[in-house]
2 protein chains.
Amino acid sequence: MSAADPSVKLSAPRKTKGALPAARPDQIMDIAARQFRARGYAAVSLRDIATEAGMRTPSLYYHFPSKDDLVIAVMNRGIAVVREAVTEALAALPPDAEPFAKLETAMRVHLRALHGLSDYTSANVRIFGQLPEELRRANLPERRAYQEIWADLLSATCPDNLEMLAIRVPFVIGALNATLEWFDPDRGDLDVLADQVGRVLLAGLKEREDR
Amino acid sequence: MSAADPSVKLSAPRKTKGALPAARPDQIMDIAARQFRARGYAAVSLRDIATEAGMRTPSLYYHFPSKDDLVIAVMNRGIAVVREAVTEALAALPPDAEPFAKLETAMRVHLRALHGLSDYTSANVRIFGQLPEELRRANLPERRAYQEIWADLLSATCPDNLEMLAIRVPFVIGALNATLEWFDPDRGDLDVLADQVGRVLLAGLKEREDR
DNA sequence: GTCTATAAGTTGATAGAC
DNA sequence: GTCTATCAACTTATAGAC
């Protein structure tokens with residue numbers, strides 16, 4: 001559980017060439033993310049990861065000081081990836097976009113991150129609940145930062161009602177994340193999913209008591 | 001992975017006394033469900049379960065032929081418990097209850113099963129995604145039977161649209177299940193949760209294109 | 001950077017006494 | 001029904017050669 005940050009290069013910096021050969025730590029993290037996503041945290045051993053990376057278990061320790069450090073790196077990148085994607089998409093909207101248009105965009109991007117863009121985000125969602133307290137805690141700062149984006153977006157749906165907002169933020173994120181457990185992008189259309197899910201949630205969030 | 005069914009008593013049948021001393025297999029399953037729910041599937045060893053039951057690991061094998069069998073028994077009971085609770089609650093409604101009133105009742109009962117009634121149901125939801133394919137498959141019949149209840153309830157919200165129904169069923173169940181990851185019944189009011197979540201989902205499901 | 005060798009601990013499971 | 005003794009397999013991790 002050291003503070004080692006694998007994104008800080010230990011040796012030579014990456015060539016300015018392009019993204020052709022992924023840096024070794026990145027390659028290892030890619031493999032780890034995919035396996036964690038598919039089989040859960042405890043079920044994936046360092047041996048499994050090393051084998052797919054074409055190396056022996058102890059070689060991993062050259063790149064990551066422990067399994068915990070590797071997991072934490074994967075988990076944090078998982079949130080960072082969605083957060084950046086959502087932030088960029090929101091920034092690309094016209095400045096006068098309506099609150100519900102922003103919300104719909106955020107939902108679409110979040111679903112795409114979950115089902116297509118990144119094994120890191122889906123791995124994060126899948127295994128967060130399986131981690132020992134200590135590792136979960138290490139991911140909380142990233143998670144809180146991401147939730148703040150949604151708190152901003154959702155505050156328009158329940159102005160001046162913090163209690164309602166405190167429920168709506170995790171509820172909406174949770175409902176989107178849950179699609180990971182039943183939707184298969186190889187067998188269904190992601191856009192159809194986003195349309196359907198977006199419709200129910202947006203309509204539900206738009207509803208006012210007075211009507 | 002034998003077909004042994006622990007509910008079939010191996011020795012003397014339970015005394016007609018009452019539910020005072022839980023049958024040993026039930027006690028073991030109670031402990032297993034609570035631990036699986038809290039720490040995940042792979043992280044809970046038979047030793048952990050045996051210790052809490054006040055026995056040694058090999059003694060468990062008198063009651064369950066393997067860890068897989070124990071897990072399957074817990075998983076199946078987890079769905080059976082909610083299904084019975086929801087079925088009973090629906091049967092208690094007046095026969096002419098409106099579709100959305102039925103839906104609201106089902107949501108309330110499902111949330112209560114998840115957060116209060118049963119460690120089995122919450123354990124099921126938490127660890128299903130962590131199980132190896134084989135064990136997941138063993139739980140599918142129960143799951144499908146439960147989903148049928150929801151398909152019935154939700155078909156009223158999108159008549160003659162099976163594609164929409166096929167998305168709404170897992171979406172609604174998934175959104176409710178996801179509350180397990182963020183709502184703590186010790187720190188929040190379960191009725192408030194049901195009110196808020198029910199309001200958003202019901203309003204969203206009620207929404208028609210024409211409006 | 002990657003390897004072999006190895007340590008130290010855990011796991012699910014079986015045999016057989018009581 | 002529960003125990004002790006034991007097993008083979010696996011885990012994370014370290015030491016040190018190349």
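As a basis for the values below, the full set of heavy atoms in this structure was taken, side chains included, without hydrogen atoms, waters or symmetry mates. In the text below, chain A, chain B and the rest are named by the order of the sequence lines, each starting its count at 1.
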Heavy-atom pair with the smallest gap, counting every atom of [X] and [Y]:
X: A:Asn76; Y: A:Ala138; result: OD1-O, 3.6 Å
X: B:Tyr146; Y: B:Val82; result: OH-CG1, 3.8 Å
X: B:Thr87; Y: B:Ile149; result: OG1-CD1, 3.6 Å

Kindly point out which of [options] is positioned nearest to the side chain of [X]?
X: B:Pro58; options: C:dA15, C:dG12, D:dT12; answer: C:dA15
X: B:Met55; options: D:dC3, C:dG1, C:dA13; answer: D:dC3
X: B:Ser66; options: D:dT12, C:dA13, D:dT2; answer: C:dA13

Give the rounded distance in Å between these two atoms: [atom1] of [X] and [atom2] of [N].
X: B:Tyr62; N: C:dT14; atom1: OH; atom2: P; result: 17 Å
X: B:Arg47; N: C:dG12; atom1: CZ; atom2: C1'; result: 13 Å
X: A:His63; N: C:dT2; atom1: NE2; atom2: C1'; result: 8 Å
X: B:Leu46; N: D:dT2; atom1: CG; atom2: P; result: 15 Å
X: A:Tyr41; N: D:dT12; atom1: OH; atom2: C1'; result: 10 Å
X: B:Asp48; N: C:dT11; atom1: CG; atom2: C1'; result: 10 Å
X: A:Leu70; N: D:dA13; atom1: CG; atom2: P; result: 10 Å
X: A:Asp69; N: D:dA13; atom1: CG; atom2: C1'; result: 13 Å

Sugar-phosphate, base or nothing in reach of A:Ser59, heavy atoms under 4.0 Å: base

Whether [X] contacts [N] is assessed here as follows: a side-chain N or O lying under 4.0 Å from the phosphate OP1 or OP2. Is that the case?
X: B:Arg24; N: D:dT2; answer: yes
X: A:Arg56; N: C:dT4; answer: yes
X: B:Tyr61; N: C:dA13; answer: yes

B:Asp69 side chain to B:Phe64 backbone, donor-acceptor under 3.5 Å: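 Not a single qualifying donor-acceptor pair exists.
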
A:Lys102 and A:Asp152, any side-chain heavy atoms less than 4.5 Å apart: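 In short, these two side chains do not touch, never coming nearer than 4.5 Å.
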
